Each structure stands twice: as structure tokens, then as C-alpha cells.
Amino acid sequence: MSHFLVRTPVTHVPKLETAEPQKWNKDEKNCSSEFPDLSFVAVAAEVQLLGCRSMFPPEEFLQVDATDCGLFCTARGFKVFLTATDAEQSICVCANEMNLSRYITFGQHAANKVTFRFYHMEPKRFPSIQKNDSFIGCLKPTFDVTRLLPAWGNKNLQRSDCLHLCDKIQHPLAVSMNEKASHLTCYCFKALYELPQLATSSVANKTCANGAEVHATPWASTFCNYASLLNTTNPELPQIGLVSVPGSGNTWTRQMVQRLTGVLSGSVYDSAVAYRKGLEGELEPAYSSRTSFVKNHIFKDKDFTRDSFASLMGKFVVLIRNPLHSSIAEFNRRIEKTKRMSGITKEQFLREAKTENKFQRLFVSGKEFYERYFRLLPELNKPILVVSYEDMRDKLMLQLLRIAHFAEMDVKTASDNAVCTIFNLNQMKQASKRVYKADLTGVAASIINKTDATLYITQLNKTLSERKLHFVRAEEYLKSFEVR
């Protein structure tokens, strides 16, 4: 199986353009004099330039810049990413091995070779906090303590006092150290995104051998709670449309994006339900230019005409999700709305789903949505970022950084807000999550025509990969249709 992001295994012996692979050139001077800014990637992973090699581009790649390439590849579990820029496009390839001649066929059709930079990544682990518990971990012995802000120190000082002192001056992290017997010293730290360098992961008994504990102040999880409207004269963010098939996790995504950006997320729907879930931009006119990440499912071709939603947005984020799960979520929403009930049983679901073949028709309609999105959106010649719900669920920090980079945010602000957003994750899930009385995946999968499901997912992946926008987690999606 190819370690590159490709749809099918490589079944023949791969070849490079020469019989012998070129030797690594680890002298950075022989790479291009212009190096990409990988600040966003460095927040989430240790990045090392391995070297450069001139070669033909592969058959399949993503057409994204170096930052999105590194974040995307790290999120998918790859250790290496290759990035290059030719006269027409950016080229991104994910890999796990360095001996490329073993398993990839490079495109001999390419007119010219391009110089690839090879980077190795090691993801950082962000210590987490539990609900109603401020303890994060122990101060790393390797951390330069001179970077900490001294707050106070005496023999009567308690760790709770240290938390209060740091919170009062709006520092998200408090470090309390027993530097002398019965003498506690308090330090505060500002850069929340530097947690991997500052603290170890939480320890079971919450006892640090060096007596230096790191705690999150209340400020750490509240400073990103507030979002406001854009300044139309000097907007902090571009106008971004948030497009998705119904049921793809749009509400949850908008809640996180609000915390990430500090800007209210808009919508074309004026939903009172969304407003009650904290999306206050829901009732703001969609085209006022005072909100960003404006929700729309774009049902008709007319939405892509002049003075329409598509023409008024400057960029687009397309949120995708396993079609089976998005169909279940949307079908439940419709039943709950019409039947005025909260959560349904498997029996109720089957009865409603089989009536006039409602669930199968809803499922197939999602394929039509995606076909419309990726047929018409690229014609606008505007930037498009594709994000999957599953990637956000599994690697939230990396996806938030991808979105922040796409939204042209400052890296420090975005990084701090991303960590703050993760601290609030449980609260946001609770606010947006629908209540299910049973796992409906199995009964829903039993209704869907498997040929339709395979065609849907295969075609979606083909469309996205041909447009070099994204690679769908196709095997995972298809496996969910196995009736249990």
C-alpha cells in the first residue's frame, strides 16, 4: 500500500526519472533562497528540514501551500511532507518514508522538474485540563524559568493564591514552585500555545517531583469566550462562506470558529435554535459584512450568480462528513422538528426512514450537493479550504490552525485561541450535540443501497483529489456501511 495519500495501492514497481535515487542534499543553501513560513506548523509539531531534491511531481498531490500541507499531513498521521512551488501551483505530498523510489511513481508527463523540500514532523502533545480541575502538569526541567513572570513568593503563599494572582493580571498559566522549604514562589506565563514546551502531561497523583506545578487559571478558558461583529471599515477577517451538506457538524464548527477568531459567525437562515446555542451572529443580516464564516448549504445554482452568496464571499470553507453520519444527523433533526420530540429509538427511525424511502432519498441528495459545490465553487476562482468533520473530531488543534491560517489570522493570537478553544471543548460539544436514544449507524446503514454508497464516496474522493483540494477518508466512510 502506498504511504502517499492515494486512492488505490500502487501495484507496479515504481520508478524515479533516473535509475539511481539522487543523494540527499542537506545543505540548506542549495535549496531555494526563499523558505516558506511554517510558524503555524511549528505550533503543533517539531519541524525539521531534511533536504531538497529536484524531481517530477507525483501523479496525485494537494494544491495547497506549505503551511496547510504540513498541518494536513500531520493530522493524517504522516511524519514527512514534501512541498514545492512551480510557476503554476503549490504542490503538497504526504509520506512516511524517505526512500521514495520504493513506492511512488512520479509523473513522467510533467513538463519540468520542481525542487521539493522534505520536512520531518513530530507532533507536540498538548497537556489537557479536566472539568473543574486546573492542574495541567509539572514544569519541565528543560524550560527556561527566566521566561516566567515572577508574581509573588513567601512562606504563607498557597497554590490557590498563585492561581488568583495570575488570573488577575490575565495570564492563562500559573507556575508554583517550592524553591525553598515551606516557601512557595508564584510565576505567571502568557503564551498558552507554548504548553508543550512548558509542562509535562498530567500525572496521575498530581505530584511533581520538582515541586513545580503548572495550573490553568480561569482566564485560560474564558478569554476566547467572547466574539464580536467585524469592523466593516477595517475588518479583522475576510468574508468567508462556511458551506456544508446538512448534518455535517456546522453548528459545532461555528462555535469553535467563533472562539478561534473572536468574530461572530453568520448565517443565511436566521435560526433561533442556533442563536440560543451561542451563535449570536445568526440574526445578523448575512450580507452585512459584519460576520464571517457565514453558514449556507447552497441548495440551488442561482446561489452562485452575481450578487449571490457565492459572489459576495471572499473565501470558502467546505465542511465534509461521512455521508451516512451526516444523513442520520439531518434526518433526526427533521423528525424532531416535525414530531416535536427529543431523540428517537431505532424502531421509530426505521419506521420513518422507510416511509416513502425518505432516508435513502435524503442520503442521495447529499451527493447532489457536493457535485454542485465542487462544480461551481472552483469557477469563482476564490480560495477554498476543505475540512472534514472527522479530522476536526480527531485532530482538533491542527484543524483550527488550518482554519486560522486560511482566515489570515496572526499566528500567536490564533494559537492561543486554539488552545483556549480546546479547553472549552466539552462545553461546546454539550451545547451543540443532539440527543440520541440509541446508536442508529447500523440500522441506517442497513437501509442504504450499498452500490449508491460506494459510488457516492468514490466519486466524492475522485472529485476532490482531481481538483487537488482534499483526500477523503474513504476506507473509513465505506466501512461504516458494514451492517453490524
Side-chain angles (χ1 to χ4, degrees), residues 5 43-45 68 71-78 94 123-131 221 224 242-261 265 274 277-279 293 295 317-333 366 370 385-406 414 417-436 438-442 444-445 457 460-461 464 469-482 484:
L5 290 171
V43 171
D68 196 52
L71 293 170
F72 178 86
C73 295
T74 304
R76 290 296 177 90
F78 291 92
C94 304
K124 296 178 182 177
R125 295 175 63 92
F126 279 82
S128 59
I129 57 172
Q130 303 300 317
K131 191 174 182 179
S221 57
C224 64
L242 181 60
V243 181
S244 68
V245 167
S248 296
N250 203 300
T251 299
W252 181 57
T253 301
R254 291 173 66 198
Q255 289 175 328
M256 288 186 289
V257 166
Q258 277 195 171
R259 292 177 183 271
L260 174 69
T261 64
S265 169
K277 290 181 176 180
L279 296 170
F293 291 91
K295 173 184 175 178
V317 171
V318 181
L319 180 65
I320 66 172
R321 187 181 186 183
N322 183 328
L324 179 62
H325 297 155
S326 62
S327 298
I328 292 172
E330 175 61 10
F331 195 73
N332 272 277
R333 185 193 68 81
Y370 283 128
L385 177 69
V386 180
V387 178
S388 84
Y389 173 87
E390 291 78 19
D391 284 343
M392 293 194 69
R393 176 197 65 199
D394 297 341
K395 302 291 183 181
L396 179 59
M397 181 70 176
L398 294 162
Q399 301 309 310
L400 291 177
L401 291 173
R402 289 183 70 212
I403 293 170
H405 172 64
F406 185 72
N417 285 1
V419 180
C420 178
T421 302
I422 293 171
F423 279 176
N424 285 274
L425 184 58
N426 290 334
Q427 176 184 342
M428 286 182 286
K429 281 184 177 178
Q430 188 66 30
S432 62
K433 191 175 183 180
R434 292 193 178 96
V435 177
Y436 296 113
D439 182 359
L440 302 173
T441 306
I457 294 168
L460 175 60
N461 193 40
L464 287 171
L469 290 170
H470 192 76
F471 290 96
V472 171
R473 294 163 64 156
E475 291 183 8
E476 175 186 324
Y477 287 5
L478 288 170
K479 189 174 181 179
S480 65
F481 287 90
E482 297 175 1
R484 293 179 288 279

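None of the values given here were measured: they were computed from a predicted structure.
- Atom CZ of residue F293 and atom CD1 of residue I403 lie 6.0 Å apart, to the nearest 0.5 angstrom.
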Stepwise side-chain contact (heavy atoms from CB on, under 4.5 Å) test for V387 and I320
CA-CA 6 Å; V387 178; I320 66 172; over 6 Å; no
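- Checked against salt bridge (charged side-chain N to carboxylate O under 4.0 Å, His left out), D391 has the following partners two or more places apart in sequence or in another chain: R76, R473.
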Is there a side-chain contact (heavy atoms from CB on, under 4.5 Å) between K124 and M397? Walk through the geometry before answering.
CA-CA 10 Å; K124 296 178 182 177; M397 181 70 176; over 6 Å; no
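- With sequence neighbours excluded, the residues that form a ring pair (Phe, Tyr, Trp, His ring centres under 6.0 Å) with Y389 are W252.
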The test is side-chain contact (heavy atoms from CB on, under 4.5 Å); show your working for N424 and C224 and say whether it passes.
CA-CA 9 Å; N424 285 274; C224 64; 3.8 Å; yes
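- In this structure, the side chain to side chain donor-acceptor pair (under 3.5 Å) partners of N250, at least two apart in sequence or on a different chain, are S244.
- Within the 4.5 Å cutoff, side-chain heavy atoms of F126 are placed close to those of V419.
- Between F406 and V317 the shortest side-chain heavy-atom distance falls below 4.5 Å.
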In sequence, state the C-alpha distance, the side-chain angles, and the governing distance for N417 and R259, and then conclude on side-chain contact (heavy atoms from CB on, under 4.5 Å).
CA-CA 7 Å; N417 285 1; R259 292 177 183 271; over 6 Å; no
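- Residues satisfying the salt bridge (charged side-chain N to carboxylate O under 4.0 Å, His left out) criterion with R321, sequence neighbours excluded, are absent altogether.
- To the nearest 0.5 Å, the span separating CD1 on I457 from CD on E476 amounts to 10.0 Å.
- With sequence neighbours excluded, the residues that form a side chain to side chain donor-acceptor pair (under 3.5 Å) with Q399 are R402.
- Side chains of S480 and N322: a donor on one and an acceptor on the other come within 3.5 Å.
- Residues Y477 and V472 have side chains in contact (heavy-atom distance under 4.5 Å, counting atoms from C-beta outward).
- Residues L319 and V243 are not in side-chain contact: their nearest non-hydrogen atoms beyond the backbone lie 4.5 Å or more apart.
- For the pair R393 and E390, the salt-bridge criterion is not met [side-chain N within less than 4.0 Å of a carboxylate O].
- T261 pairs by the side chain to side chain donor-acceptor pair (under 3.5 Å) definition with nothing, not counting sequence neighbours.
- F72 and H470 have perpendicular rings, their planes meeting at more than 60° on a 0 to 90° scale where under 30° would count as parallel.
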